[in-house]
Amino acid sequence: MDIKKRYFDYAATTPMHPEVTKAMQPFLEEKFGNPSSIHSFGQEAKAAITEARDVIAATIKAKSEEIVFTSGGTEADNFVLAGVLEAMAKKGNHIITDTVEHHAILETCRFMEKHRGAKVTYIPVDKTGLVDPQDIKKAITKETVLISVMHANNEIGTIEPIAEIGKIAREAGVYFHTDAVQTFGSLDIDVEKLNVDFLSASAHKLYGPKGIGLLYVRKGARILPLLHGGEQERRRRASTENVPGIVGFSKAVQLAEQERQERNEHLIKMRDKLIKGILDSIEETQLNGHPQLRLPNNVNVTPKYVEGESMLLNLDLEGIAASTGSACSSGSLEPSHVLKAIGINPEIAHSSLRFSLGRLNTDEDVDYLLEVLPRIVKTLREMSPLYKKKK
Ligand SMILES: *Cc1c(COP(=O)(O)O)cnc(C)c1O
């Protein structure tokens, strides 16, 4: 008999909502026009993009012309860093970010340091993963052109004080960007309340399609394009629009808006049951991230003295899909930069697991996981010399 598969990796990606697939279908088939074409095929596609842009803008209290569609979260992050640095070259070349950002921010910052002469300050976080807004304030210089702090962390789920940092940035006259890929659709996002000038999002993290995302660009904020060669997106991003992707993204945003409260209540109940269940049944285990300021769907734990990779393989054999650290860092032997940044000893950082819940998880999935994981950890610990020495 095939074992039932259970997915606990919604922070890596999500399955498309059936209504998203349905909304996209016509744009993959008969409504295939190029939005730049004058004929009716083009007009039909263009109208669909306009409508999708209006819907998405309204849900985050932005203006339609402030939304620039991109190929995903990574492109939005690259776009804002490169585009603001170039547009603001006369003012300076200093960027402030923090040590727990997604690689799409951190590696782009490293690239800008190496190849574009940028100066980057990486603000450390506390042991729950929080950035202190006062640390940001102290790091601002006359040369600072951009501050970038993520809305919530993809590995440990910590939610950062974005509105407060945004206020500091605004008072200092410095642009502020947040990578909201993990919160878009899950938390209530209002670009006015958050005090942001730029914000990144990605559809495939909220039951939309892969390969489509956006950068919110506050009206008047200065940024130069990454892609040249067409008039699309008000000349901010050349290339024929991903029409089915944009339509699907908009549908996913609408569904998230409608179902948010119900989804989150269920997620928080499952999350808290899972955290308590793991901490109660597996000794020498710690929870990583902030106990309260936490994404509704994130569980990140370290059952010490067992390899994360071994736990993942054993969980997979039992039908459970989870992750160590982030999907991007699995496969490498380096412990996650986020766990390092919150001060976890590299030896035990290797023992960390991330379970990220989603709309298709059930209470029964959680019960099953709570039955399977303690057994796997026990078996692996029995083979662990480190654990035996400890006893
Ligand atoms: C997934 C993710 C990204 C990358 O988004 P893609 O659309 O996959 O390129 C960026 N930042 C965070 C926080 C993410 O979780």
Side-chain angles (χ1 to χ4, degrees), residues 7-16 20 56 67-82 97-111 125 129-131 148-160 162 165 177-187 189 194 196 198-216 226-227 237 239 242 244-246 248-250 252-253 256 289-290 293-300 322-331 336-339 341-342 354-358:
Y7 189 73
F8 291 91
D9 204 11
Y10 285 83
T13 195
T14 60
M16 288 214 290
V20 169
I56 295 175
I67 304 297
V68 181
F69 289 113
T70 65
S71 64
T74 301
E75 186 189 319
D77 287 348
N78 274 259
F79 178 22
V80 70
L81 292 169
T97 186
D98 61 82
T99 51
V100 295
E101 291 296 305
H102 190 272
H103 283 134
I105 292 289
L106 289 178
E107 288 188 17
T108 308
C109 282
R110 298 272 180 226
F111 183 92
V125 296
L130 276 180
V131 174
S148 181
V149 175
M150 70 202 316
H151 195 186
N153 187 272
N154 48 301
E155 291 189 37
I156 56 174
T158 301
I159 300 170
E160 301 293 348
I162 295 307
I165 299 170
H177 165 254
T178 191
D179 175 338
V181 173
Q182 287 293 330
T183 54
F184 209 80
S186 132
L187 303 187
I189 297 201
L194 288 178
V196 293
F198 303 95
L199 178 146
S200 305
S202 175
H204 78 97
K205 303 284 175 81
L206 58 131
Y207 312 100
K210 292 172 180 60
I212 183 74
L214 65 82
L215 183 70
Y216 157 79
L226 270 188
L227 302 188
R237 187 195 188 262
S239 183
N242 175 354
I246 291 169
F249 192 1
S250 156
V253 167
H290 199 285
L293 300 171
R294 184 176 200 98
L295 284 172
N297 73 333
N298 176 286
V299 176
N300 189 310
S323 150
T324 58
S326 76
C328 327
S329 55
S330 54
S336 134
H337 70 282
V338 175
L339 298 177
I342 59 174
R354 179 187 72 186
F355 300 100
S356 45
L357 298 152

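Counting convention: from 1, in listed order, for ligands and their atoms alike. Just so you know, residue 1 is the first one in the sequence shown, and it goes up from there.
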Here the atoms of ligand 1 under 4.0 Å from any heavy atom belonging to Gly72 are 7 (O)
For ligand 1, find out whether one of its N or O atoms is nearer than 3.5 Å to an N or O atom of Ala11. no
Tightest non-hydrogen contact, residues His177 and Ser148, listed as ND1-OG, 2.8 Å
Among all protein heavy atoms in this structure, tell me which lies nearest to atom 11 (N) of ligand 1, with the distance rounded to 0.1 Å. Asp179 OD2, 2.7 Å
Taking atom 7 (O) of ligand 1 as the reference point, the nearest protein heavy atom with its distance: Ser202 OG, 2.6 Å
Parallel, tilted or perpendicular, as decided by the 30° and 60° cut-offs, for the rings of Phe355 and Phe8: perpendicular
So which atom in Glu160 and which in Gly129 form the shortest heavy-atom distance, rounded to 0.1 Å? OE2-O, 2.6 Å
Any donor-acceptor N or O pair under 3.5 Å, side chains Lys205, Thr14: no
Measure the distance from atom 3 (C) of ligand 1 to every protein heavy atom, then report the residue, atom name and distance (to 0.1 Å) of the closest one. His102 NE2, 3.5 Å
When only distance counts, is Gln182 in polar contact with ligand 1, meaning an N/O pair under 3.5 Å? yes
Side chains of Ser200 and Asp179: donor-acceptor distance under 3.5 Å anywhere? no
Side chains of His204 and Thr13: donor-acceptor distance under 3.5 Å anywhere? yes
Without hydrogens or angle criteria, can the side chains of Asn78 and Thr108 be said to hold a donor-acceptor pair below 3.5 Å? yes
Nearest non-hydrogen protein atom to atom 2 (C) of ligand 1, with distance, is Lys205 NZ, 2.6 Å
Quick look: His204 vs ligand 1, heavy-atom contacts under 4.0 Å, and the answer is side chain
Residue, atom and distance of the protein heavy atom nearest atom 6 (P) of ligand 1 read Gly73 N, 3.5 Å
So which protein heavy atom does atom 9 (O) of ligand 1 come closest to, and at what separation? Thr74 OG1, 2.6 Å
